[in-house]
Amino acid sequence: MSSNILEKLNMEKVKLVENPVVLQNLSVMRDKNTDSQGVRMAIRNITRILMYEVSKMLPLVEKEVETPITKFNAKIIDPSKKIIISPILRAGLIFTDSAIDILPQACIRHIGMYRDEKTLKPVWYYNKIPMVAENPENTYVIITDPMLATGNSMKETIKLYSQKNIPMNNIKAVCILSAPEGLYHIQKDFPDIEIFTTAIDKGLNEHGYIIPGMGDAGDRIFNT
Ligand code: URA
């Protein structure tokens, strides 16, 4: 089933971020013998690389800088743009520290959703996102969740931001492991969204877990 789904994906919108450092950390993160501290460190290492990739969407402006030698026009991320990092609780929290280190000007807007174990549908329990985005054209949103399984929580979060008139080009989904099913579900409703991921796994098992995946990301990260 997943191989059929793979054929339907628009891979131009799926940014597969792969390099030896990512692959090494993925193997540590996936290994059932890695303890929570090891899982957290591996995820933070991968997060940094994903954040550098996704930061390519941010507009630049020139700023005059004086080096010890001379003045010149350097480039900086446009300070007039609003950057929102939106971790989907609870596993998405692991992105926050590395993400805010890299983009210290960003604000963090948490998304509280859990997965109903029977229906696998997301259930909201925390949403303090302002009703209206003040300047939607100048707002950039990075939604983080290590696991893109069914894609339901990610889809709900994309919907939330797109309803605030933030352009689809300014919204990015960032995940570590993705199932083809999740990618497909998102692309069906939001064909223009770019999804950054470090692996596309085989598929989902009957409980909605990614195969081979890493098990329950929240449990592995938070030692529960
Ligand atoms: N959430 C997880 O934590 N793991 C999966 O494999 C799928 C969803």
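Numbering of ligands and ligand atoms starts at 1, following listing order. These numbers come from the heavy atoms of this one structure, side chains and all, not from hydrogens, waters or symmetry mates.
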Is any N or O atom of Gly218, backbone or side chain, closer than 3.5 Å to an N or O atom of ligand 1?
no
Give a yes/no on ligand 1: does Gly208 have at least one heavy atom closer than 4.0 angstrom to it?
yes
Of the protein's non-hydrogen atoms, which lies at the shortest distance from atom 5 (C) of ligand 1, and what is that distance?
Tyr209 CD2, 3.4 Å
Taking Pro122's backbone N and O only, do any of them form a donor-acceptor pair with Ser153's side chain (distance below 3.5 Å, no angle check)?
no
Return yes if some donor-acceptor pair links the side-chain N/O of Asn25 with the main-chain N/O of Ile46 below 3.5 Å, else return no.
no
Check whether any side-chain N or O of Lys172 sits under 3.5 Å from a backbone N or O of Asn169 as a donor-acceptor pair, and report yes or no.
yes
Judged by heavy atoms only, the candidate from Asn205, Leu177, Ile210, Ile221 nearest atom 6 (O) of ligand 1 is Ile210
Considering only the protein, which heavy-atom contact is closest to atom 3 (O) of ligand 1, and what is its distance?
Ala217 N, 2.7 Å
salt_bridge(Arg40, Asp97) N-O dist < 4.0 Å:
no
Considering non-hydrogen atoms of the protein only, which is the closest contact for atom 4 (N) of ligand 1, and what is the distance?
Gly215 O, 2.9 Å
Under 3.5 Å donor-acceptor, Arg220 side chain and Met214 backbone:
yes
Other cluster members, Val61 - Ile/Leu/Val/Met/Phe/Trp/Tyr, side-chain contacts below 4.5 Å:
Ile76
Atoms of ligand 1, numbered as shown, that sit under 4.0 Å from any heavy atom of Ala149:
7 (C), 8 (C)
